[in-house]
Amino acid sequence: SAMGQSGLALHRDGSLISFNILLNEPTDFDGGGTFIEADNKAYQIGRGDCFVHSSKLRHGGNPITRGERYVLVGFIDLLEEGETYNEDEGYRS
């Protein structure tokens, strides 16, 4: 959308695992996909599919050239025994 991102530069996430779920039909847009630098490949998924990868891999979002792509992006992490997460501050203790 006009308020969203058309693509995303290569980066690493701060979690253990990252995932994307495509919320609309692939025919609604051109381009897109999750580019994984180590594979030198962009992965395309279908509506409702989930693409899961290590957050430590450098990855990015290929630009959308037509239409709109809606994705739900999530992150999974693991706390060590005795660690707590402060949701308000965004850090572990």
Worksheet item: To the nearest 0.5 Å, how far apart are CG in D49 and CD in Q44?
Response: 11.5 Å

Worksheet entry | Heavy-atom side-chain contact between V71 and I21 under 4.5 Å | no

Practice prompt. Please assess N20 against H53 for the test side-chain hydrogen bond (donor to acceptor under 3.5 Å, both in side chains), listing each intermediate value before the final yes or no.
Written response: CA-CA 9 Å; N20 302 338; H53 61 90; 5.0 Å; no

Practice prompt. Measure from the side-chain N and O atoms of N24 to the backbone N and O of Y70, and report whether any donor-acceptor pair falls under 3.5 Å.
Written response: yes

Item to complete: Look up atom CG in L8 and atom OG1 in T34, then write down how far apart they are to the nearest 0.5 Å.
Response: 9.5 Å

Worksheet item: Does V52 share a hydrophobic cluster with L16, counting links as ILVMFWY side-chain heavy atoms below 4.5 Å and allowing steps through other members?
Response: yes

Worksheet item: Heavy-atom distance under 4.5 Å between the side chains of V73 and F75, does that happen here?
Response: yes

Worksheet item: When rounded to the nearest 0.5 angstrom, what distance separates SG in C50 from CG in L22?
Response: 11.0 Å

Worksheet item: What is the minimum heavy-atom distance between F35 and N62, and which atoms define it?
Response: CB-OD1, 3.6 Å

Discussion item. Within this structure, what is the CD-CZ distance for the pair E68 and F29, rounded to the nearest 0.5 Å?
Written reply: 11.0 Å

Worksheet item: Does some side-chain heavy atom of F19 sit less than 4.5 Å from a side-chain heavy atom of I76?
Response: yes

Fill in: Spacing of K56 atom NZ and R12 atom CZ [to the nearest 0.5 Å]
9.5 Å

Discussion item. Testing the basics here: between I45 and P26, what is the closest heavy-atom pair and its distance to 0.1 Å?
Written reply: O-CG, 3.8 Å

Worksheet item: Measuring from H59:NE2 to S18:OG, what's the distance to the nearest 0.5 Å?
Response: 5.0 Å

Fill in: Y43: ring-ring contact (aromatic ring centres under 6.0 Å, His included) partners, not counting sequence neighbours
F51

Worksheet item: Under 3.5 Å, is there a donor-acceptor pair linking the side chains of D30 and T65?
Response: no

Worksheet item: Under 3.5 Å, is there a donor-acceptor pair between the side chain of S55 and the main chain of I17?
Response: yes

